[in-house]
Amino acid sequence: MPIVVISGLPASGKSTRAHQVQEYFVSKGRKVHLISENEAVPKALFEKNAFFGDSQKEKVVRSDLKSEASRHLNKEDLVILDAGNYIKGYRYELYCMTKAARTTQCTLFSCIPQEQAWTFNTQRIEPDKLDESVEKGEQQPNNSNVPYTREIFDALCMRYEEPHSNNRWDSPLVVVLPEDTLDLESIYKALYETKPLPPNQSTQNPPLGATNYLFELDVIMQDIIKEILGAIKIGAFGQLRIKGSTSTVKVTTSMNALQLNRLRQKFITSTCRASQTTPAPLEQFSFVHSALRDQQQTC
């Protein structure tokens, strides 16, 4: 599904924007999955400031968020990833994940001056501790109203790598200030009225091959060679129609078993490199005959 990657400084209003996007797309009849860092951190049993002060804990939760987003990706429904997403390398990983799913994405940048963000942060009043009354296995409360300490806040601002529209992994980029009205229509068009990101070799898994493919290919090639050698033995030179195929092979006096088997090995090797993985019936192997003919003429 299309994905909206929300990014911004701490206390910049990311969750507010995420809920606005969620409400808009639900009103459009779309199924929406809101994946929030504010829920993932207490779910992993980390206190907010202790979590952001430990890079190893951050890696664990970032991995969980990415995995959850990947599970929900398809071409119709919407995923909203509500987190800081302050590392451009991590946003690039999300971009590659979107390409692999052959869907679209949009980056929403909640832009705000650092001191204004700190002012919003000081308005948060909840204590930074896990709820001990919550039984094991149950969800801890959302920590979005827990304030950052000044040390953690400044560290996150210093580490923040701002998204830019000229980066393909941040494009299309929607920038919104605290006083702005979010242009939800442009987000909708970017996700549902544009072509999906084209997959490339680096984002595609190689297709699984049939275990007996090479064996069957070798058998077919040997049968073709037997027919050619049989025609040579009886002196039937010229165009030879291979049984089960519409293609012909030109049989010449220069052909011999050693040469044909060398070409067979060469063709099988080139086929493996081209990642041909699904066995095909003999009538689909017309290219085999033409390859034999072309390679024989160049020898």
Side-chain angles (χ1 to χ4, degrees), residues 1-48 51-52 55-110 130 134 137-146 148 156 160-161 163 169-174 176 182 184 187-188 190-192 196-197 203:
M1 61 183 66
I3 181 170
V4 177
V5 179
I6 299 181
S7 181
L9 294 176
S12 60
K14 298 184 294 297
S15 296
T16 299
R17 299 301 186 182
H19 284 96
Q20 290 175 356
V21 174
Q22 181 185 33
E23 292 171 3
Y24 176 79
F25 279 88
V26 168
S27 70
K28 288 280 190 178
R30 299 289 182 178
K31 185 177 180 181
V32 179
H33 295 273
L34 177 57
I35 303 172
S36 175
E37 185 179 64
N38 295 324
E39 296 177 357
V41 172
K43 182 179 179 180
L45 301 180
F46 298 138
E47 295 179 349
K48 189 171 186 175
F51 165 75
F52 285 108
S55 61
Q56 295 303 316
K57 293 178 180 178
E58 282 193 85
K59 287 181 181 180
V60 171
V61 173
R62 277 202 303 268
S63 178
D64 291 343
L65 292 172
K66 180 183 174 183
S67 297
E68 187 174 355
S70 178
R71 285 196 299 271
H72 293 298
L73 276 178
N74 62 43
K75 296 181 180 180
E76 294 299 327
D77 303 331
L78 179 69
V79 172
I80 302 173
L81 184 54
D82 174 22
N85 297 316
Y86 63 87
I87 303 173
K88 64 181 179 181
Y90 180 66
R91 296 198 299 270
Y92 179 74
E93 290 179 11
L94 296 173
Y95 168 79
C96 291
M97 183 180 71
T98 304
K99 290 190 71 172
R102 302 189 182 191
T103 186
T104 54
Q105 79 164 52
C106 175
T107 303
L108 175 57
F109 176 30
S110 183
L130 298 174
V134 176
E138 294 184 1
Q139 177 64 49
Q140 288 279 341
N142 187 305
N143 69 3
S144 58
N145 203 33
V146 174
Y148 298 92
L156 288 174
Y160 187 71
E161 296 175 317
W169 56 87
D170 292 328
S171 181
L173 178 64
V174 177
V176 59
L182 184 58
L184 295 164
I187 296 177
Y188 185 90
L191 295 175
Y192 290 101
L197 296 169
T203 60

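The basis for the numbers below is simple: all heavy atoms, side chains too, and nothing from hydrogens, waters or symmetry mates. Along the sequence shown, residues are numbered consecutively beginning with 1.
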A.B. asks: Restricting to non-hydrogen atoms, name the atom on L156 and the atom on Y148 that form the minimum distance, rounded to 0.1 Å.
C.D. replies: CD1-CE2, 3.7 Å
A.B. asks: So that I know where these two stand, are W169 and Y95 an aromatic pair - ring centroids less than 6.0 Å apart?
C.D. replies: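 No, ring centres 6.0 Å or more apart.
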A.B. asks: Kindly compute the distance separating NZ (K28) from CG (L184), expressed to the nearest 0.5 Å.
C.D. replies: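 Reported to 0.5 Å precision, the distance equals 9.5 Å.
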A.B. asks: Return the CZ to CZ distance between F46 and F52, rounded to the nearest 0.5 Å.
C.D. replies: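 Output value for this atom pair is 11.5 Å.
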A.B. asks: Nearest heavy-atom pair of E161 and G89: which atoms, and what distance?
C.D. replies: OE1-N, 4.5 Å
A.B. asks: For side chain to side chain contact (heavy atoms under 4.5 Å, CB included), just list the numbers for V61 and F51, CA-CA rounded to whole Å, side-chain angles, deciding distance to a tenth of an Å, and then say yes or no.
C.D. replies: CA-CA 9 Å; V61 173; F51 165 75; 3.3 Å; yes
A.B. asks: Mind checking what makes side-chain hydrogen bond (donor to acceptor under 3.5 Å, both in side chains) contact with Y160, not counting sequence neighbours?
C.D. replies: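 S7.
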A.B. asks: Tell me every residue that passes ring pair (Phe, Tyr, Trp, His ring centres under 6.0 Å) with Y90, counting only those two or more places apart in sequence or in another chain.
C.D. replies: none
A.B. asks: Quick check: closest heavy atoms across S15 and N38, and the distance to 0.1 Å?
C.D. replies: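 Taking S15 first and N38 second, the nearest heavy atoms are OG-ND2, 2.8 Å.
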A.B. asks: Can you find a heavy atom in the side chain of V4 that is under 4.5 Å from one in the side chain of L81?
C.D. replies: no
A.B. asks: The criterion is side chain to side chain contact (heavy atoms under 4.5 Å, CB included); which residues satisfy it with V60, sequence neighbours excluded?
C.D. replies: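 Counting only residues at least two positions away or on another chain, V60 forms a side chain to side chain contact (heavy atoms under 4.5 Å, CB included) with D64.
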A.B. asks: Identify, with sequence neighbours excluded, every residue that meets side-chain hydrogen bond (donor to acceptor under 3.5 Å, both in side chains) alongside Y24.
C.D. replies: E185
A.B. asks: Hey, could you give me each pair passing salt bridge (charged side-chain N to carboxylate O under 4.0 Å, His left out) that has a residue in residues 2-25? Not counting sequence neighbours.
C.D. replies: none
A.B. asks: So, for V79 and H72, which heavy atoms are closest and what is the spacing to 0.1 Å?
C.D. replies: CG2-CB, 3.7 Å
A.B. asks: If you round to the nearest 0.5 Å, how far is CG of N85 from CD of E37?
C.D. replies: 7.5 Å
A.B. asks: Return the CD1 to CD distance between I187 and Q20, rounded to the nearest 0.5 Å.
C.D. replies: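 I187 CD1 to Q20 CD: 9.5 Å, rounded to 0.5 Å.
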A.B. asks: Given side chains that start at C-beta, do those of Y86 and L9 come closer than 4.5 Å, heavy atoms only?
C.D. replies: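 Side-chain contact under 4.5 Å: no.
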A.B. asks: Is the cationic atom of R30 (NZ for Lys, CZ for Arg) positioned less than 6.0 Å from the six-membered ring centroid of Y188 and within 45 degrees of its normal?
C.D. replies: no
A.B. asks: On a heavy-atom basis, which atom in T103 and which in P2 lie closest, and how many Å separate them?
C.D. replies: OG1-N, 3.2 Å
A.B. asks: With the side chain counted from C-beta on, respond yes when D77 and V32 share a heavy-atom pair under 4.5 Å apart, and no when they do not.
C.D. replies: no
A.B. asks: With E58, which residues qualify under salt bridge (charged side-chain N to carboxylate O under 4.0 Å, His left out), at least two apart?
C.D. replies: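 Per chain and number, E58 pairs via salt bridge (charged side-chain N to carboxylate O under 4.0 Å, His left out) with R62, R159.
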A.B. asks: Could you check V21 against L108 for side chain to side chain contact (heavy atoms under 4.5 Å, CB included), going step by step and ending with a plain yes or no?
C.D. replies: CA-CA 10 Å; V21 174; L108 175 57; 4.2 Å; yes
A.B. asks: Who pairs with Q105 by side-chain hydrogen bond (donor to acceptor under 3.5 Å, both in side chains), at least two apart in sequence or on another chain?
C.D. replies: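 In terms of side-chain hydrogen bond (donor to acceptor under 3.5 Å, both in side chains), with neighbours along the sequence ignored, Q105 is linked to T98.
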A.B. asks: Looking only at heavy atoms, what is the nearest atom pair of L173 and P163, with distance?
C.D. replies: CD2-O, 3.8 Å
A.B. asks: Just to verify, what does F109 make a ring pair (Phe, Tyr, Trp, His ring centres under 6.0 Å) with, not counting sequence neighbours?
C.D. replies: none
A.B. asks: Nearest 0.5 Å, please: how far is CD1 in I35 from OG in S70?
C.D. replies: 9.5 Å
A.B. asks: Going by side-chain hydrogen bond (donor to acceptor under 3.5 Å, both in side chains), name the residues that satisfy it together with T107, two or more places apart in sequence or in a different chain.
C.D. replies: none
A.B. asks: Pairs in or reaching into residues 83-96: which pass salt bridge (charged side-chain N to carboxylate O under 4.0 Å, His left out), with residues at least two apart or in two chains?
C.D. replies: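 Sorted result for residues 83-96: K66-E93, R91-D170.
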A.B. asks: Return the set of residues passing side chain to side chain contact (heavy atoms under 4.5 Å, CB included) with S67 (not counting sequence neighbours), or none when no residue passes.
C.D. replies: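 Partners of S67 under the side chain to side chain contact (heavy atoms under 4.5 Å, CB included) test: S63, R71.
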A.B. asks: Please round to the nearest 0.5 Å and tell me the distance separating atom CG of L45 and atom NZ of K57.
C.D. replies: 10.5 Å
A.B. asks: Only counting residues at least two apart or in another chain, list the ones meeting side chain to side chain contact (heavy atoms under 4.5 Å, CB included) with A18.
C.D. replies: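 Side chain to side chain contact (heavy atoms under 4.5 Å, CB included) check on A18 returns I6, L34, I80, D82.
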